[in-house]
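Below is one structure, written out as structure tokens; comments come after it.
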Amino acid sequence: MQQLSALSPLRLCLPGFSLAQTLCCGQAFRWREQEDGSFLGAAGAHRAVIRQRGEEILIESDASPAFWENYFDCRTDYEAIRRTVASIPALEPACRFAGGIRVLRQDGWEALASFIISQNNNIKRITGIIERLCCQFGEPIGGGLCAFPPPERLAGLSPEDLAPLRSGFRARYLIDAARQVTGGTVDLAALPALPTAEARAELMKIVGVGKKVADCALLFGFGHGDCFPVDVWIGRALAELLPEGLPPSLAPCAGIAQQMIFHYMRACPDRAAAKAGEC
DNA sequence: GCCCAGGCAAACT
DNA sequence: AGTTTGCATGGG
């Protein structure tokens, strides 16, 4: 087995970035913070140890630099986006608190399956279910980690086969997703180029995928940065912060703004204080 | 015990 | 077409 520490780490320079915010804000569920502050985990089939030193991100992994540059969305100008978000007074506190977040470009299937599991669930438990899913059905990738199982691996299984995951009623949703993706009734590869509404409708053909899960998958797994996933929680927060709705200037980066608001409001449940920027 | 959790489907008015 | 209810499970 290859020792990750023997590889010379990839270095990415990302001004204003926060690795911890990005990996812990509830968009990806496979990263664990270590005692030394580094993160051990995997994206798709790639294991990695990632740490932050100032503005530099150090990545120990056998995956190519191009893979991680894409994963961390290095081609997008986040400083410009932060300025746009922070220029809206109601969002300035959220941007100040959570402005280090980048929206990761995760594997589409992994994002879809992860957010199917997320419904009516909490982040801690979601993480556990996904870990068991990978351990049980994914290929080992070293270090005790396993790749996220591809849809082909799940398509032939029954809900009973997924019982060890303790995913409850979501098991049959996962299997339906795997079957439709492998069977061709849902074409994941086509989603990035489709208009958001059409891509959403495509994903909602899957049992257990409603608008919220579809929008999360599109935002985090298919590059639809204009998606603004709304549930009761964020809907209420938004209604208080932005009674007029999302300003048009935010449309292209709505997903990033949403993620900042989500992270901020989760850390600061007192809406009055959040609104006043006193968290 | 109780309540909640990055919702959704099915069964109701 | 809008509203309510059940859902499986674990953590606080």
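Computed from a predicted model, the values in this text were never measured in an experiment. The sequence lines fix the lettering, A, B, ..., with proteins before strands; numbering per chain opens at 1.
The side chain of A:Gln119 lies closest to B:dC8 when the candidates are B:dC8, C:dC7, B:dG6. In this structure, of B:dG6, C:dG10, B:dA9, it is B:dG6 that holds the atom nearest to the side chain of A:Gln258.
Heavy-atom distances to DNA chain B give each of A:Arg125 and A:Arg172 a nearest nucleotide, and the one nearer the 5′ end belongs to A:Arg125.
Residues A:Ile59 and A:Phe72 are in side-chain contact: their nearest non-hydrogen atoms beyond the backbone lie under 4.5 Å apart. With a 4.5 Å cut-off on side-chain heavy atoms, A:Tyr78 and A:Val85 do not count as touching. Side-chain contact between A:Ile175 and A:Asp161 is absent, with no heavy atoms from C-beta onward closer than 4.5 Å.
Centroid-to-centroid, the aromatic rings of A:Phe262 and A:Phe228 stay 6.0 Å apart or farther.
The aromatic ring of A:Trp233 does not sit over the base of B:dG6; the criterion of centres under 5.5 Å apart with planes under 30° is not met.
Between A:Arg266 atom CZ and B:dA5 atom P there is a gap of 11 Å when expressed in whole angstrom units. Put simply, OH on A:Tyr173 is 15 Å from P on C:dG6, counting in whole angstrom units. To the nearest angstrom, C1' of B:dG6 lies 9 Å from CZ of A:Phe220. Between A:Ile234 atom CD1 and B:dG6 atom P there is a gap of 11 Å when expressed in whole angstrom units. One interatomic measurement links the two molecules: CG of A:Asn120 to C1' of C:dT4, which rounds to 15 Å at whole-angstrom precision. Regarding A:Ile130, its CD1 atom lies at a distance of 13 Å from the P atom of B:dG6, rounded to whole Å. The CD1 atom of A:Ile129 sits 8 Å away from the P atom of C:dG10 (whole-angstrom rounding). Taking atom CD1 of A:Ile123 as the reference point, atom P of B:dG7 lies 10 Å away to the nearest angstrom.
Within the 4.0 Å cut-off from OP1 or OP2 of C:dG12, at least one side-chain nitrogen or oxygen of A:Lys124 is found.
Among the atoms of the strands shown, base atoms are found under 4.0 Å from some heavy atom of A:Arg170. At a threshold of 4.0 angstrom between heavy atoms, the contacts of A:Gly210 are confined to the sugar-phosphate backbone, with no base atom among them. Using a 4.0 Å heavy-atom cutoff across all strands shown, A:Val232 reaches no nucleic acid atom at all.
With both ends at atom P, the span from C:dT3 to B:dG6 equals 24 Å, rounded to whole Å. Rounded to whole Å, the C1' atom of B:dC4 lies 14 Å from the corresponding atom of C:dA8.
Heavy-atom contacts from other residues, nucleotides or ligands closer than 6.0 Å to CD of A:Glu139 number 12 or fewer.
A donor-acceptor contact under 3.5 Å is formed by the side chain of A:Lys212 with the base of B:dG6. With hydrogens and angles ignored, no donor-acceptor pair under 3.5 angstrom links the side chain of A:Arg166 to the base of C:dT9.
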